[in-house]
Amino acid sequence: MRASVIVVGGGPVGLMLAGELRLGGADVLLLEQRHTVTTESRASTLHARTMEILDSRGLLDPLGGPPNLPRGHFGGLPMDLTLPGSHPGQWKVPQARTEELLEKWAGSLGAGIRRGYELVALTTTEQGVEAAVTGPDGVPRTVRGDYLVGCDGEESTVRRLTGAAFPGHDAVRELLRADVAGIDIPDRRFERLPAGLAIAARQPGGVTRVMVHEFGRTFVERSTPPEFGEIAEMWRRVTGEEISAGTPLWVNSFGDASRQLTHYRHGRVLFAGDAAHRQLPVGGQALNLGLQDAVNLGWKLAAVVLGQAPQELLDTYHDERHPVGRRVLANIEAQARLLLGGVEVEPLRAVVGELLGYDDVRRHLAGAISGVDVRYDLGVAPGAHELLGRRVADVPLTVAGAPARPAELLRAGRGVLLLLADPALNSALTVLAEAWADRVDPVTAETPADGPLGGTAALLIRPDGHVAWCATGPDDPRAALRRWFGPAGTRPSPSSER
């Protein structure tokens with residue numbers, strides 16, 4: 001068994017990465033320990049930036065029209081998450097549905113997805129990686145690749161086998177969670193009662209998800225999920241309600257551990273999602289953070305294995321995503337204290353609640369939670385164009401006389417040189433960029449002069465939707481093209497075309 005890239009872990013992050021790698025032309029083999037698809041929906045929230053990414057890959061129509069909720073929370077304190085963009089607020093999609101969507105997409109692109117394969121050993125060399133696995137039939141096998149990416153969750157086997165430094169702290173407090181059929185209790189949204197925190201939400205089909213934390217109760221290290229009886233008893237102590245007669249469909253627990261890898265890249269081994277960072281899964285941020293890791297990494301790793309770009313491009317994955325992860329972990333840590341603290345945090349909750357009434361504060365926190373405010377430091381001088389490093393705005397465009405949007409231009413997973421100037425300048429820029437035509441599409445468009453892109457002559461948009469270069473007049477994009485898409489005219493080597 002061989003592939004250019006081995007992805008370990010078939011959750012949403014691993015599946016997203018597999019699809020991105022195939023979109024970039026890389027040969028990929030995904031190994032998942034589970035024998036069957038999941039029916040569990042640990043995370044059920046997709047934020048605005050993730051919805052924009054799915055839109056840029058043409059995945060929103062298959063997803064259907066999930067419920068949109070403008071109201072979110074910060075540490076259990078209600079707040080409006082809407083910000084300017086194509087998909088404001090949060091969108092409720094069960095994780096099982098997200099995995100189903102991404103597995104079908106990655107498979108349609110040609111990703112090899114193998115279930116029932118457990119990683120037991122990992123060897124790396126300057127030339128590649130060898131993964132020793134046990135197959136679904138119990139027979140040991142060796143899988144070889146040029147690179148391997150660990151997307152195998154917070155208890156990552158890849159991380160353990162590589163000995164990657166994972167500083168931070170273990171969990172101190174925990175939430176117990178269950179999906180229960182056959183109970184009738186009031187919906188509760190982060191209700192703080194004298195004895196603890198209670199959350200209840202009736203889902204389609206009559207199933208109720210309950211979550212409960214008892215103030216003062218410390219984290220319990222578990223080798224197996226809690227018994228439903230333990231959850232029902234804690235629920236009774238906190239709320240006074242009886243749910244023990246219900247039928248548990250799924251139970252688990254999670255704590256407020258906070259850890260992050262020192263480096264997201266270890267030579268030919270990289271990490272994404274919960275394998276790279278561990279946090280309290282509050283407000284769906286963990287899932288969304290991981291999916292956005294995958295989209296940042298996928299096109300870069302594909303370019304490297306195809307011989308289009310040097311290995312140094314992979315260092316920008318760590319340089320860009322590690323600070324984003326650190327910031328998300330910090331806001332989740334703050335939320336965990338507000339959410340799970342007892343009476344001692346009430347004064348702090350009162351102050352934060354007042355601050356959320358100021359729109360600048362609300363917008364700042366909504367941007368951090370949704371991911372739409374991410375701006376990568378591309379190493380440019382102070383005073384650089386405001387758009388540089390940010391996601392391209394969802395603006396109306398006219399391309400060849402027809403309406404279009406930036407997300408539609410990114411469907412192929414290639415770079416886009418968006419030309420918005422007069423015909424002469426557009427033509428000159430097209431000529432400068434033609435040596436990258438195998439990786440970057442020049443697109444001539446018009447946009448309203450009073451819109452977000454008014455006064456901009458051209459943009460170089462990376463496959464992940466972030467702006468890598470922009471000009472307000474005559475300028476040369478070739479340095480940016482070399483940096484992000486490799487030397488001019490480089491094409492895949494025959495050995496990469498498998």
Quick one: does [X]'s side chain have a donor or acceptor within less than 3.5 Å of a partner on [Y]'s backbone?
{"X": "Thr447", "Y": "Pro396", "value": "yes"}
{"X": "Asn288", "Y": "Gly284", "value": "yes"}
{"X": "Thr162", "Y": "Val158", "value": "yes"}
{"X": "Thr125", "Y": "Gly128", "value": "yes"}
{"X": "Arg362", "Y": "Asp80", "value": "yes"}
{"X": "His47", "Y": "Arg49", "value": "no"}
{"X": "Ser370", "Y": "Ala366", "value": "yes"}
{"X": "Thr456", "Y": "Ala458", "value": "no"}
{"X": "Asn68", "Y": "His87", "value": "no"}
{"X": "Trp469", "Y": "Leu388", "value": "no"}

Between [X] and [Y], which heavy-atom pair has the shortest distance, and what is it?
{"X": "Gly367", "Y": "Asp373", "result": "O-OD1, 2.9 Å"}
{"X": "Ala106", "Y": "Gly19", "result": "CB-N, 3.8 Å"}
{"X": "Arg57", "Y": "Glu20", "result": "NE-OE2, 2.7 Å"}
{"X": "Leu23", "Y": "Gly413", "result": "CD2-CA, 3.5 Å"}
{"X": "Ala111", "Y": "Arg22", "result": "N-CG, 3.6 Å"}
{"X": "Leu291", "Y": "Pro12", "result": "CD2-O, 3.5 Å"}

Any side-chain heavy atom of [X] within less than 4.5 Å of one from [Y]?
{"X": "Ile6", "Y": "Tyr147", "answer": "no"}
{"X": "Val149", "Y": "Phe271", "answer": "no"}
{"X": "Leu77", "Y": "Leu356", "answer": "yes"}
{"X": "Leu289", "Y": "His277", "answer": "yes"}
{"X": "Asp464", "Y": "Ile53", "answer": "no"}
{"X": "Leu101", "Y": "Leu59", "answer": "yes"}

Evaluation steps, salt bridge (charged side-chain N to carboxylate O under 4.0 Å, His left out), between Arg483 and Glu312: CA-CA 10 Å; Arg483 178 180 182 186; Glu312 288 73 22; over 6 Å; no
Spacing of [X] atom [atom1] and [Y] atom [atom2] [to the nearest 0.5 Å]:
{"X": "Thr50", "Y": "Asp55", "atom1": "OG1", "atom2": "CG", "answer": "12.5 Å"}
{"X": "Arg278", "Y": "Ser258", "atom1": "CZ", "atom2": "OG", "answer": "10.5 Å"}
{"X": "Leu46", "Y": "Lys92", "atom1": "CG", "atom2": "NZ", "answer": "9.0 Å"}
{"X": "Leu297", "Y": "Tyr317", "atom1": "CG", "atom2": "OH", "answer": "5.5 Å"}
{"X": "Leu453", "Y": "Leu418", "atom1": "CG", "atom2": "CG", "answer": "7.0 Å"}
{"X": "Ser44", "Y": "Gln203", "atom1": "OG", "atom2": "CD", "answer": "7.0 Å"}

Decide, yes or no, whether a salt bridge links [X] with [Y] under the criterion of side-chain N to carboxylate O below 4.0 Å.
{"X": "Arg259", "Y": "Asp274", "answer": "no"}
{"X": "Asp146", "Y": "Arg268", "answer": "no"}
{"X": "Asp315", "Y": "Arg265", "answer": "yes"}
{"X": "Glu320", "Y": "Arg462", "answer": "yes"}
{"X": "Arg349", "Y": "Glu354", "answer": "no"}

Passing option when Pro406 is tested against Val416, Leu397, Val467 for side chain to side chain contact (heavy atoms under 4.5 Å, CB included): Leu397
Qualifying residue for ring pair (Phe, Tyr, Trp, His ring centres under 6.0 Å) with Tyr376, from His466, His318, His322: His466
Parallel, tilted or perpendicular: ring planes of Trp299 versus Phe485, cut at 30 and 60 degrees: tilted
Residues Glu32, Arg114; criterion salt bridge (charged side-chain N to carboxylate O under 4.0 Å, His left out); working and verdict: CA-CA 6 Å; Glu32 166 55 41; Arg114 304 288 185 267; over 6 Å; no
Verdict with reasoning, Lys300 to Thr316, per side-chain contact (heavy atoms from CB on, under 4.5 Å): CA-CA 9 Å; Lys300 297 174 181 177; Thr316 69; 2.9 Å; yes
More than 12 heavy atoms of other residues, nucleotides or ligands under 6.0 Å from [atom1] of [X]: is that the case?
{"X": "Gln311", "atom1": "CD", "result": "yes"}
{"X": "His169", "atom1": "NE2", "result": "yes"}
{"X": "Asp422", "atom1": "CG", "result": "yes"}
{"X": "Arg390", "atom1": "CZ", "result": "yes"}

Aromatic Phe166 / basic Arg159 pairing, under 6.0 angstrom, 45° off normal: yes
Residue pair Asp256, Arg337: steps toward the side-chain contact (heavy atoms from CB on, under 4.5 Å) verdict: CA-CA 9 Å; Asp256 60 347; Arg337 298 197 180 194; over 6 Å; no
Steps toward side-chain contact (heavy atoms from CB on, under 4.5 Å) verdict (Leu21, Val7): CA-CA 10 Å; Leu21 287 163; Val7 176; 4.0 Å; yes
Asn331 and Gln285 side chains, donor-acceptor separation under 3.5 Å: yes
side-chain contact (heavy atoms from CB on, under 4.5 Å) between Arg405 and Val395, intermediate numbers included: CA-CA 6 Å; Arg405 298 181 298 114; Val395 297; over 6 Å; no
Derivation and outcome, salt bridge (charged side-chain N to carboxylate O under 4.0 Å, His left out), residues Arg2 and Glu130: CA-CA 9 Å; Arg2 198 198 191 293; Glu130 286 191 1; over 6 Å; no
